[in-house]
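Just below is one structure, and these are the notes that go with it.
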Amino acid sequence: MNISIIGDKLILELEWYEQLWAFTLNKTFEIAIDRIERATSEEPQSNWAEIRAPGTFLPGVIKAGTYYTQRGKEFWYVTKDRDYLTLEVKDEPFKRIIITIDNSEQWVERITALLR
């Protein structure tokens, strides 16, 4: 997965195999910076009441795809790595986007600086 900031947008670009695991046709997610309410690297909470539709879940290995939770519709692409980046967004199809990516702490700092 590639992440970048171009102009006033955060761009997440999935690799072909990530699209496959997530069961999504979207290769790219573009999120306007002003629609991001919060960015964090804390481990996100997950529970049994989530509905996966569509997606992949192998406990301890991968959680990918669209999940419907009490918080709303969320996009997950997390692996056994613990380097989480959680984006809470408004006025977007997904309420939260949760991914694992290298240097998540640096991305949190960079995104938080842009939100100020």
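We use all heavy atoms of the structure for the numbers below, so side chains are in, but hydrogens, waters and symmetry mates are not.
Note: the hydrophobic cluster containing Tyr77 also contains Trp16 (ILVMFWY, side chain heavy atoms under 4.5 Å, direct or indirect links). Hydrophobic clustering of Ile, Leu, Val, Met, Phe, Trp and Tyr side chains at less than 4.5 Å, counting indirect connections, keeps Leu85 apart from Val78. Using a 4.5 Å cut-off between side-chain heavy atoms of Ile, Leu, Val, Met, Phe, Trp and Tyr, with links allowed through other members, Phe57 and Val61 fall into different hydrophobic clusters. Following chains of ILVMFWY side-chain contacts shorter than 4.5 Å, one can reach Ile5 starting from Ile97, so the two form part of one hydrophobic cluster. Under a hydrophobic clustering in which Ile, Leu, Val, Met, Phe, Trp and Tyr are joined whenever their side-chain heavy atoms come within less than 4.5 Å, directly or via other members, Leu114 and Ile31 fall into the same cluster.
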Inset, instruction - Dump the intermediate steps for side chain to side chain contact (heavy atoms under 4.5 Å, CB included) on Leu10 and Ile36, then the final yes or no. - result: CA-CA 9 Å; Leu10 177 82; Ile36 299 173; 4.2 Å; yes
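Taking CH2 from Trp76 and NZ from Lys63, the interatomic distance works out to 4.0 Å, rounded to the nearest 0.5 Å. To the nearest 0.5 angstrom, Leu12 atom CG is 5.0 Å from Ile3 atom CD1. Separating the CD1 atom in Ile33 from the CD1 atom in Ile6 is a distance of 11.0 Å, to the nearest 0.5 Å. Considering CG of Asp81 and CD1 of Ile62, their distance stands at 10.5 Å, rounded to 0.5 Å. Rounded to the nearest 0.5 angstrom, Glu18 CD and Thr24 OG1 are separated by 11.5 Å. Here CG of Leu87 is found 8.5 Å from CD1 of Ile98. Values are rounded to the nearest 0.5 Å.
Side-chain atoms of Ser41 and Glu105 include a donor-acceptor pair closer than 3.5 Å. Thr100 and Thr79 form a side-chain donor-acceptor contact under 3.5 Å, judged by distance and modelled atom types alone. No side-chain donor from either of Glu13 and Thr28 sits under 3.5 Å from a side-chain acceptor of the other.
Taking each heavy atom of Arg71 and Gln45 in turn, the nearest pair found is NH2-O, 3.6 Å. In this structure, Ala39 and Ile111 approach most closely via the heavy-atom pair CB-CG2, 3.8 Å. Between Trp21 and Ala64, the shortest heavy-atom contact is O-CB, 3.8 Å. In plain terms, the two heavy atoms of Glu15 and Asn2 that are nearest each other are OE2-ND2, 3.6 Å. Considering every non-hydrogen atom in both Asp102 and Trp107, the closest pair reads O-CD1, 3.9 Å. Asp34 and Lys90 get closest at one heavy-atom pair: O-CE, 3.4 Å.
Summarising the local packing, NZ of Lys9 is surrounded by 12 or fewer heavy atoms from other residues, nucleotides or ligands at distances under 6.0 Å.
Between Thr66 and Glu74, the closest side-chain pair of non-hydrogen atoms is not below 4.5 Å.
The aromatic rings of Phe75 and Phe29 sit tilted, their planes meeting at an angle between 30° and 60°.
Contact check on Glu88 versus Lys95 returns no salt bridge, with no Lys/Arg side-chain nitrogen under 4.0 Å from an Asp/Glu carboxylate oxygen. Under the 4.0 Å criterion applied to side-chain N and carboxylate O atoms, Arg96 and Glu92 are not assigned as salt-bridge partners. Residues Arg35 and Glu30 are not paired through a salt bridge, judged by the lack of any N-O separation under 4.0 Å between the basic side chain and the carboxylate.
One N or O on the side chain of Ser104 and one on the backbone of Tyr84 form a donor-acceptor pair closer than 3.5 Å.
Cation-pi contact between Lys73 and Tyr68: absent, since separation from the ring centre below 6.0 Å together with deviation from the ring axis within 45° is not met.
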